[in-house]
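Quick one: the structure is below, and I'll ask about it shortly.
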Number of protein chains: 2
Amino acid sequence: MPSIDPIERTLSRQGHRLTGPRRAVVDTMRLLGNHFTAEEVQQALPAVGRATIFRTMKLMRELEMICQVVLDDGTIVYQLVGEDESEHHHHVICSDCGKVAEFTSDGLERLLEDVASMTGFEVGAHRIELYGQCDSCQKK
Amino acid sequence: MPSIDPIERTLSRQGHRLTGPRRAVVDTMRLLGNHFTAEEVQQALPAVGRATIFRTMKLMRELEMICQVVLDDGTIVYQLVGEDESEHHHHVICSDCGKVAEFTSDGLERLLEDVASMTGFEVGAHRIELYGQCDSCQKK
DNA sequence: ACAGCATTGATACCTAGTATCGTTTACCGA
DNA sequence: TCGGTAAACGATACTAGGTATCAATGCTGT
């Protein structure tokens, strides 16, 4: 009996069990909105064990259901990935409110190829994060 | 009586004391070569307190004498910044041997400006790290 | 409906770093 | 060169974010 929920569907289709704690974690992430820390998820779910929260988040990261974002001060937040936007993308992060936005850029990818060949590296992955002020924080 | 060492010179010119532990940390970093973790510095200097290692490394980061590099698995290494290459740059990291190389790219900077205006963000800082195989690891 | 294995919670542990605090020491000025 | 003093020190305890262990629980295919 596949659930209607796309995240839960993907989990079970990938051979993972659909347990109460997992559903709770997914629901909580949606409640928390744009971005959240592991600790926020944890505090919202005192009934779920700490290890389970981290295990579930790790699983979701592996299945690319959430992505990890490193803020400029080094703290780590996560964001749910929508079905449509699951393609390769990067993040712009507001240093004031912490809001995380996404962007894609073909130009960027091409430029990275150039850099790769210049340095003699064969580049497989990258981490790109931009920090600044979102438009609403600029207005304040 | 300014010392001949450029790093030590900068330290004292910026109003910081030139202590034994600080000299030891700087020397050790040079011995460790291309890149090193805080733990490696620590283990090479059992006589120096753990807190002092981290305090010194934090200070050096603030004075931009070393830069922090996040590896693809999340571990953090550091690299001494040469006097000449102290300008804005990014890192290419070998996933096999951990070697850290640097690059600069005006094109990249320009592209990031574009992305910024597209998303409505005013971007102040960024974190860019490329992961791959360096030429010598490719040959193996 | 039930066996079996994935998953769980509790707990201990880990890495990377910061805070506190009483002691030591580099440095500047006399 | 000799203090006085604030900066820096080591030891220690603590934090954040995450992993390892292991016995108990509970999904799920048949």
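Order of the sequence lines sets the chain letters (A, B, ...), proteins ahead of strands, with each chain counted from 1.
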### Task
Could you tell me which residues satisfy side chain to side chain contact (heavy atoms under 4.5 Å, CB included) with Val123(B), sequence neighbours excluded, listed by chain and number?
Val92(A), Leu130(A), Ala116(B), Phe121(B)
### Message
Nearest whole Å is fine: how far is dA26(C) P from Leu18(B) CG?
### Response
10 Å
### Query
Nearest to the side chain of Pro21(A) - dG9(C), dT18(C), dG10(D)?
dG9(C)
### Task
Verify the neighbour count for atom CD of Glu122(A): are there more than 12 heavy atoms of other residues, nucleotides or ligands below 6.0 Å?
no
### Task
Write down the distance between CD1 (Ile66(A)) and P (dG18(D)), rounded to a whole number of angstrom.
10 Å
### Message
Under 4.0 Å, heavy atoms only, any strand: does Ala38(B) hit a base, just the sugar-phosphate, or nothing?
### Response
sugar-phosphate
### Query
Between dA8(D) and His16(B), is there an OP1 or OP2 to side-chain N/O distance shorter than 4.0 Å?
yes
### Task
Could you check how far CE of Met60(A) sits from P of dT7(C), rounded to whole Å?
14 Å
### Interatomic distance where CD1 belongs to Ile76(A) and P belongs to dG17(C) [whole Å]
12 Å
### Query
Given that Glu39(B) and Thr19(B) both sit by DNA chain C, which one's nearest nucleotide is further toward the 5' end?
Glu39(B)
### Query
Counting only side-chain N and O atoms of Tyr78(A), is one of them less than 4.0 Å from OP1 or OP2 of dG17(D)?
no
### Task
Examine His126(A) together with His88(A) and report whether their ring centres are nearer than 6.0 Å.
yes
### Task
Starting from P on dT19(D), measure out to CE on Met57(A) and report it in whole angstrom.
11 Å
### Task
Measure distances between side-chain N and O atoms of Arg17(B) and base N and O atoms of dA7(D), and say whether any donor-acceptor pair falls under 3.5 Å.
yes
### Task
Answer with yes or no whether Arg55(B) presents, from its side chain, a donor or acceptor under 3.5 Å of a partner atom in the base of dG10(D).
yes
### Task
For Arg22(A) and dG9(C), give me the distance from atom CZ to atom P, rounded to whole Å.
11 Å
### Task
Please state how far atom CD1 in Ile53(A) lies from atom P in dT11(C), giving the value in whole angstrom units.
17 Å
### Task
Have a look at Gln68(A) and say if it touches a base, only the backbone sugar-phosphate, or nothing, with a 4.0 Å heavy-atom cut-off.
sugar-phosphate
### Message
How many whole angstroms separate atom CD of Glu8(A) from atom P of dC27(D)?
### Response
13 Å
### Query
OP1 or OP2 of dG10(D) less than 4.0 angstrom from a side-chain nitrogen or oxygen of Arg50(B), does that happen here?
no
### Query
Looking at side-chain heavy atoms only, is the closest gap between Arg61(B) and Ile66(B) below 4.5 Å?
yes
### Query
According to a 4.5 Å side-chain heavy-atom criterion applied to Ile, Leu, Val, Met, Phe, Trp and Tyr, with indirect links allowed, do Leu111(A) and Phe103(B) form part of one hydrophobic cluster?
yes
